[in-house]
Amino acid sequence: QETIKQKTINLGLSNAIHFWGVTDRVDEFYQVMDVFVLPSRFEGLGIVAIEAQAAGLKTICADTIPEEARITENFISLSLDQSPKEWADEILKYQDGYERKDMSDAIKNAGYDIAEETKKLENFYIDQYNDLHKRKYL
């Protein structure tokens, strides 16, 4: 982290970059962003991309992010082989703003609502327990 902080100072970017550290207020950060960019080389599902879409953000991701993370029309996929200018051009398309919509229904329909999915898991375990109990395994 110190190396990266020093690099931002050397590049004259220290006023434009903030190192926040660990936080439990991620949802608040999504609300002040204009776009979310995830140029990751290696990513599992890309939960942060799903969270960004839930916040209604244009979500510009590397094509290394699995298609399963594409929940809304706000998900935009770019190749890491594309130039930095092409990435910047895509990001700048939204500099004048865009309509941020409530994406909670899309997120729920895709199976990412924590309350709903917790209830499904709970019911699954209850059914398994009842099934084992009927068979006299418990």
Side-chain angles (χ1 to χ4, degrees):
Q1 186 176 13
E2 286 308 313
T3 303
I4 295 171
K5 284 182 179 180
Q6 188 58 50
K7 190 166 189 167
T8 61
I9 292 167
N10 294 344
L11 293 170
L13 297 173
S14 56
N15 288 333
I17 297 175
H18 301 276
F19 293 89
W20 194 263
V22 177
T23 182
D24 61 353
R25 298 172 40 202
V26 176
D27 57 317
E28 294 175 24
F29 285 102
Y30 288 131
Q31 295 308 312
V32 297
M33 292 179 188
D34 296 318
V35 240
F36 182 83
V37 181
L38 184 60
S40 180
R41 291 183 188 194
F42 307 103
E43 202 71 37
L45 175 58
I47 295 292
V48 293
I50 295 170
E51 290 174 342
Q53 290 171 85
L57 282 168
K58 293 292 182 185
T59 305
I60 303 169
C61 297
D63 59 2
T64 56
I65 307 303
E67 278 298 308
E68 289 83 2
R70 181 185 299 275
I71 307 299
T72 71
E73 70 275 358
N74 284 339
F75 187 96
I76 300 153
S77 185
L78 297 177
S79 171
L80 289 173
D81 293 330
Q82 289 178 257
S83 71
K85 181 181 181 336
E86 289 173 295
W87 276 76
D89 287 345
E90 184 63 37
I91 294 164
L92 291 173
K93 285 181 183 178
Y94 309 104
Q95 69 182 337
D96 294 327
Y98 55 92
E99 183 182 356
R100 296 216 11 206
K101 299 176 187 174
D102 178 358
M103 295 294 173
S104 55
D105 286 340
I107 299 303
K108 284 180 186 178
N109 291 339
Y112 291 103
D113 178 79
I114 187 106
E116 200 168 303
E117 298 310 309
T118 300
K119 190 65 177 165
K120 286 180 189 176
L121 190 57
E122 182 181 306
N123 288 336
F124 172 79
Y125 283 122
I126 289 170
D127 291 345
Q128 293 300 307
Y129 174 83
N130 289 336
D131 187 46
L132 290 173
H133 194 299
K134 286 178 193 173
R135 296 180 188 189
K136 307 277 188 231
Y137 289 118
L138 296 176

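Starting from 1, each residue takes its place in the sequence as its number. Computed over heavy atoms, backbone and side chain alike; hydrogens, waters and symmetry mates excluded.
Atoms NZ and CD1, on Lys108 and Ile114 in that order, are 13.0 Å from each other to the nearest 0.5 Å. Going from atom CD1 of Ile71 over to atom CD of Glu51 covers 12.0 Å, rounded to the nearest 0.5 Å. Expressed to the nearest 0.5 Å, how far CD1 of Ile107 lies from CG of Asp113 amounts to 9.5 Å. Of the inter-residue distances, the one linking Glu43 atom CD with Ile47 atom CD1 reads 9.5 Å to the nearest 0.5 angstrom. Rounding to the nearest 0.5 angstrom, the gap separating the CD1 atom in Ile126 from the NE2 atom in His133 is 13.5 Å. Atoms CD1 and CD1, on Ile91 and Ile60 in that order, are 5.0 Å from each other to the nearest 0.5 Å.
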Checklist entry - Checking salt bridge (charged side-chain N to carboxylate O under 4.0 Å, His left out) for the pair Lys93/Asp89: CA distance, chi angles, key distance, verdict? => result CA-CA 6 Å; Lys93 285 181 183 178; Asp89 287 345; over 6 Å; no

Checklist entry - When you look at Leu78 and Asp63, which way does the side chain to side chain contact (heavy atoms under 4.5 Å, CB included) test go after all the steps? => result CA-CA 5 Å; Leu78 297 177; Asp63 59 2; over 6 Å; no

Next on the checklist: Using side chain to side chain contact (heavy atoms under 4.5 Å, CB included), reason through Gln6 and Gln1 one step at a time and then give a plain yes or no.
Outcome noted: CA-CA 9 Å; Gln6 188 58 50; Gln1 186 176 13; over 6 Å; no

Checklist entry - Which is it for Lys5 and Glu2 under the side chain to side chain contact (heavy atoms under 4.5 Å, CB included) test, yes or no, and what are the steps along the way? => result CA-CA 5 Å; Lys5 284 182 179 180; Glu2 286 308 313; 3.9 Å; yes

Item to check | Trace of the side chain to side chain contact (heavy atoms under 4.5 Å, CB included) decision for Lys119 with Asn123 | outcome: CA-CA 6 Å; Lys119 190 65 177 165; Asn123 288 336; 4.0 Å; yes

Checklist entry - How far apart are the C-alpha atoms of Arg70 and Glu67, what are their side-chain angles, what is the distance that settles it, and do they pass the salt bridge (charged side-chain N to carboxylate O under 4.0 Å, His left out) test? => result CA-CA 5 Å; Arg70 181 185 299 275; Glu67 278 298 308; 2.6 Å; yes

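No single ILVMFWY cluster, assembled from side-chain heavy atoms under 4.5 Å apart, contains both Met33 and Met103. Follow the hydrophobic side-chain contacts under 4.5 Å out from Leu38 and you never reach Ile50; the two are in separate clusters. Val48 and Tyr112 are members of different hydrophobic clusters when ILVMFWY side chains are connected at heavy-atom separations under 4.5 Å. Taken together through direct or relayed side-chain contacts under 4.5 Å among Ile, Leu, Val, Met, Phe, Trp and Tyr, Trp20 and Val26 form part of one hydrophobic cluster. Both Ile65 and Val37 are part of a single hydrophobic cluster, where members link through side-chain heavy atoms under 4.5 Å apart.
Looking at Glu86, its side chain does come within 3.5 Å of a backbone N or O of Ser83 through a donor-acceptor pair. A side-chain donor-acceptor contact under 3.5 Å links Gln53 to the backbone of Ala69. A donor-acceptor contact shorter than 3.5 Å links the side chain of Asn109 to the backbone of Asp105. At least one donor-acceptor pair closer than 3.5 Å links the side chain of Gln82 to the backbone N or O of Ser79. Checked by atom type and distance alone, the side chain of Tyr98 never pairs as donor or acceptor with a backbone atom of Leu57 at under 3.5 Å.
Across every non-hydrogen atom of Pro66 and Leu45, the tightest pair is CD-O, 3.7 Å. Considering all non-hydrogen atoms of both residues, Ala49 and Cys61 come closest at CB-SG, 3.8 Å. Listed here is the closest heavy atom pair of Gly56 and Asn74: O-ND2, 3.3 Å. In terms of heavy atoms, Ala55 sits closest to Gln31 at CB-NE2, 3.6 Å.
Counting heavy atoms from C-beta outward, Gln95 and Asp34 have side chains that stay 4.5 Å or more apart.
The ring pair (Phe, Tyr, Trp, His ring centres under 6.0 Å) analysis of residues 35-70, with sequence neighbours excluded, yields the pairs Tyr30-Phe36.
Leu121 CG: more than 12 foreign heavy atoms inside a 6.0 Å radius. Applying the 6.0 Å contact sphere to CZ of Phe19 captures more than 12 heavy atoms from other residues, nucleotides or ligands.
The ring pair (Phe, Tyr, Trp, His ring centres under 6.0 Å) test applied to Phe75 returns no partner, not counting sequence neighbours.
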